[in-house]
Structures are given as C-alpha cells and as structure tokens.
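Side chains are part of it too, since the values below use all heavy atoms of this structure and drop only hydrogens, waters and symmetry mates. As the structure lists them, so they are numbered: ligands from 1, and atoms in each ligand from 1.
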Amino acid sequence: MATINDNYLKLKAGYLFPEIARRVNAFAQANPDAKIIRLGIGDVTEPLPEACRQAMIQAVEDMGNRSTFKGYGPEQGYDWLRSKIATHDFQSRGCEIDAAEIFVSDGSKCDTGNILDIFGDNNTIAVTDPVYPVYVDTNVMAGHTGDASDKGEYEGLVYLPITAENNFTAQIPSQKVDLIYLCFPNNPTGATATKEYLKAWVDYAKANGSIIFFDAAYEAYITDPSLPHSIYEIEGAKDCTIEFRSFSKNAGFTGTRCALTVVPQNLTAKAADGADVELWKLWNRRQSTKFNGVSYIVQRGAEAVYSPAGQAQVKELVSFYLENARIIREQLTAAGLQVYGGVNAPYVWVKTPHALSSWDFFDKLLHQVNVVGTPGSGFGASGEGYFRISAFNSRENVEVAMQRITEKFKV
Ligand SMILES: Cc1ncc(COP(=O)(O)O)c(C=O)c1O
C-alpha cells in the first residue's frame with residue numbers, strides 16, 4: 001500500500017492566502033455589486049518593462065530559426081545572464097561574487113524551499129515571527145518540525161519575534177541555531193536591515209557554524225543609500241550565507257518566472273563524519289538532477305533588465321510602486337493609524353485600530369469598505385494585531401482604497 005509524506009498532515013489547513021480567497025469569494029458572491037479592491041497578495045499589477053518584452057520577442061524568433069534555436073540550456077542558467085547578474089547586482093557593490101556562484105532558477109519561492117534538499121534533518125532552524133510562510137511550511141514538509149500549537153507555532157522551530165519594540169529586526173538568539181532565514185527588505189513588515197545589524201548576524205553565524213538564508217527579493221525597493229542590497233556587502237558573509245534574489249518584484253516577473261540563488265564556492269557545512277563539504281557542489285548536483293533550467297526566452301527577458309533601457313524601466317516600475325506605498329503610508333498616518341515600512345519596501349505594516357485582531361480588521365475592511373489586505377497573524381503569532389497592505393496595484397485602486405479606509409476608520 002502506498003503511503004504519504006505524513007508531514008504534510010501537520011500543515012495548518014488554512015494557508016493564509018487560500019483562507020483570504022475563501023472569505024473574499026464568499027463576500028463577493030453575497031455582494032455581487034461590491035467593487036472589491038485587493039491589496040492583499042504581493043503580486044505585481046503593471047506590465048513587463050518594454051526592454052524585457054522586446055528581448056523575449058526576439059528570443060521567440062531565435063527559437064524559430066534552426067541556426068539560433070535552443071534546446072536544453074545549462075541547468076545553472078546561461079553564462080551571459082549569470083555574468084551580467086554577477087557584474088551588476090554584486091561586483092558593482094563591491095561583493096566578490098563570481099558568475100559561477102549564481103544559479104538561475106524559476107523562482108525564489110522554489111529555491112527557498114528546495115535549498116533544504118542539501119541540508120541535514122537535524123539542524124536547528126530559526127525563523128522570524130512574523131515570516132514569509134514558505135520558509136516555515138517547507139520545513140514542515142521536510143519533517144523538520146513537530147506539530148503546530150494552537151498559536152500556529154511548530155514544535156522544533158526557533159521563532160524570533162519581530163515587533164515594533166525591536167524595530168521589526170529580530171534579536172540575535174542567545175542559543176545556537178544552525179540555519180537562519182532573514183528577509184530584507186522584509187515581507188511582511190517592510191523593515192530594513194543596516195550593515196551593522198547584518199554584520200552582527202554574520203558574526204553570530206561564523207561563530208556558531210550556522211548558515212544564513214538571506215532573501216533579498218525586495219532589494220530593488222531600497223531607497224536609502226546607506227542600506228545594503230546584498231548581504232555579501234558585509235565582510236565575512238561569503239563564509240556563511242546563501243542569498244536568494246528574484247526578478248519578480250523588480251521587473252514584474254511574477255508570472256514570467258526567473259530568479260537566482262547565490263551559493264559561494266567556499267561555503268561549507270558539515271557531513272555526518274565531520275568533514276567540511278562545499279554547499280556549491282551539492283546545490284549544483286541538486287539542480288542538475290532535479291531542474292532543467294529556465295527557458296531561453298525568459299532568460300533573455302531577464303538579461304534585458306541589465307540593459308540601459310531595462311535599468312531605467314525597472315527603476316520607473318519600482319518608483320511607481322513606492323509612490324503607491326507613500327500614498328498608503330501618508331493617508332493611513334493622517335487617519336491616525338500607526339504604520340511601519342513602505343519606505344524601502346512595497347509593504348506597509350499597519351497596527352490595527354482599537355486593538356482589533358488581525359482577522360477582525362480584515363473582515364471589517366472587507367465588509368465595510370470592500371478592501372482586501374492581509375491579516376498579520378497569518379504570518380505568525382507575533383503578527384497578531386497588525387495588518388499588511390501591499391503597494392502592488394494601480395494608482396487609482398490605491399487612491400480609492402485609501403479614501404475608503406480613511407473615511408471609515410479615522411482613529
Ligand atoms: C520574501 C519573498 N521571497 C520570495 C518570494 C517569491 O519570489 P518568486 O516570485 O521569485 O518565487 C516572495 C513573493 O512574494 C517573497 O515575498
């Protein structure tokens with residue numbers, strides 16, 4: 001008799017976004033005339049940059065010609081893309097990252113989950129609370145946790161609370177952990193990390209033989225020139241960090257799919273016999289075995305991000321969403337709400353008014369002003385009492401949504 005991976009049964013049934021969809025659909029069915037504005041899921045709304053579109057059209061033409069046709073590409077990504085990433089995203093910021101250390105993939109969501117394939121099952125794993133839920137759920141699926149408590153916390157994970165009190169930056173743990181997920185600019189809180197803060201983590205990781213998983217999916221939203229875009233800007237980070245990047249939120253590739261993971265060649269972790277093993281070799285083996293690369297067409301689209309026109313268009317796109325974030329922040333602040341984030345990130349993290357629970361505020365917003373956001377508690381127990389509003393939407397929708405919220409919820 002076939003059996004299942006029982007770890008899947010430990011997953012909390014109502015993954016955040018399906019539960020939001022369920023409530024929104026029920027409301028929409030009962031109120032077919034309601035003009036619902038969705039500021040919930042962090043999906044982009046604006047069209048792809050022209051430079052990327054043109055590059056992909058040309059790539060389609062290449063595929064239609066025997067002399068330029070491409071079959072399977074390298075599992076790690078084409079060299080022309082990897083070298084542009086290395087030069088523009090890393091070397092230009094003083095990070096000694098080589099093209100060979102860059103693995104092009106079809107998404108950071110997959111990579112942040114798949115990376116667990118190359119690590120052992122006995123690592124102590126730390127996540128922030130609240131957190132991007134994929135980090136937690138992929139560990140549950142891999143059998144790295146026990147059951148969830150009533151609060152939704154899985155036995156065996158180390159939760160590092162991030163709240164207004166610590167500026168939404170987790171305190172370095174006093175205990176030893178082996179794997180640590182950090183995400184800056186942060187989803188869901190919109191918080192950022194200074195170089196000094198990341199240095200403290202790098203020092204901790206090096207002292208404890210830990211590996212940091214650094215998710216920089218939103219680095220393009222950093223406007224403050226003093227903030228690091230990559231953890232490799234921090235001395236010593238190459239000895240203890242894997243960094244994840246994505247074209248989803250800078251170039252709007254959420255539906256096009258392209259991302260990258262950096263695994264430095266000198267980075268090692270321990271084998272059962274105590275030997276130091278290079279993680280680059282394991283990830284290369286994993287990708288070569290389980291992945292057949294991102295399509296040629298999409299990689300050409302991603303490459304165009306680094307052209308002068310692509311750079312200008314991506315900047316414009318990011319500025320557009322940041323302006324939405326500014327409108328959200330300012331309007332909600334003027335209405336008396338306490339808001340965080342949204343300056344170097346596309347997410348605004350709002351303290352719910354009148355001590356409402358996150359889901360109560362969600363229901364009130366949906367029912368009274370037909371605006372959808374994301375309940376903070378869905379990202380972790382410490383997100384209770386907070387609410388995430390995404391800047392990924394049209395200007396009109398953002399303005400109308402803010403008008404509706406501020407009229408109804410003036411504190
Ligand atoms: C923190 C974080 N990492 C990764 C992703 C997913 O990126 P991708 O579209 O490359 O899979 C998201 C998407 O919302 C995210 O918020």
Query raised in the report: Mind checking whether Asn187 has an N or O less than 3.5 Å away from an N or O of ligand 1?
Result: yes
Query raised in the report: Is Tyr218 touching ligand 1 with its side chain, its backbone, both, or neither, if touching means heavy atoms under 4.0 Å apart?
Result: side chain
Report task. Please state whether the rings of Tyr197 and Phe184 are parallel, tilted or perpendicular, taking 30° and 60° as the class boundaries. Result -> perpendicular
Query - Interfacing atoms of ligand 1 (cut-off 4.0 Å, heavy-atom, Ser248) - result: 8 (P), 9 (O), 10 (O)
Query raised in the report: Looking at ligand 1, does any of its N/O atoms fall within less than 3.5 Å of an N/O of Tyr347?
Result: no
Requested in this report: Note the single closest protein heavy atom to atom 7 (O) of ligand 1, along with its residue, its atom name and the distance in Å.
Outcome: Ser108 CB, 3.7 Å
Query raised in the report: Under 6.0 Å between the ring centres of Tyr321 and Tyr218?
Result: no
Query raised in the report: Is ligand 1 under 4.0 Å from a heavy atom in the side chain of Cys183, in the backbone, in both, or in neither?
Result: side chain
Query raised in the report: Under 30°, 30 to 60°, or over 60°: which ring-plane class applies to Trp283 and Phe103, parallel, tilted or perpendicular?
Result: perpendicular
Just list the side-chain donor-acceptor pairs under 3.5 Å for residues 382-389, sequence neighbours left out, or say none.
unit_1: Ser382; atom_1: OG; unit_2: Asp129; atom_2: OD2; d: 2.9
unit_1: Glu384; atom_1: OE1; unit_2: Ser358; atom_2: N; d: 2.7
unit_1: Glu384; atom_1: OE1; unit_2: Ser358; atom_2: OG; d: 3.1
unit_1: Arg388; atom_1: NH1; unit_2: Asn187; atom_2: OD1; d: 2.7
unit_1: Arg388; atom_1: NH2; unit_2: Gly40; atom_2: O; d: 2.7

Query raised in the report: Quick one: does Trp280's side chain get under 4.5 Å of Pro264's, heavy atoms only?
Result: no
Query raised in the report: ligand 1 and Tyr135, any nitrogen or oxygen pair closer than 3.5 angstrom?
Result: no
Report summary line: Numbered in order shown, the ligand 1 atoms found under 4.0 Å of a heavy atom of Asp215 are 1 (C), 2 (C), 3 (N), 4 (C)
Query - Counterpart residues, side chain to side chain donor-acceptor pair (under 3.5 Å), relative to Arg82 (two or more places apart) - result: none
Query raised in the report: On the ring face of Tyr296, is Lys70 found with NZ or CZ under 6.0 Å from the centre and within 45° of the axis?
Result: yes
Query raised in the report: Would you say ligand 1 has an N or O under 3.5 Å from any N or O of Tyr132?
Result: no
Query raised in the report: Going by the atom numbers of ligand 1, which of them fall below 4.0 Å from some non-hydrogen atom of Gly107?
Result: 10 (O), 11 (O)
Report summary line: min-distance protein heavy atom vs atom 13 (C) of ligand 1 -> Lys249 NZ, 3.0 Å
Requested in this report: Evaluate the ring planes of Phe17 and Phe379, with Trp represented by its six-membered ring, and classify them as parallel (under 30°), tilted (30 to 60°) or perpendicular (over 60°).
Outcome: perpendicular
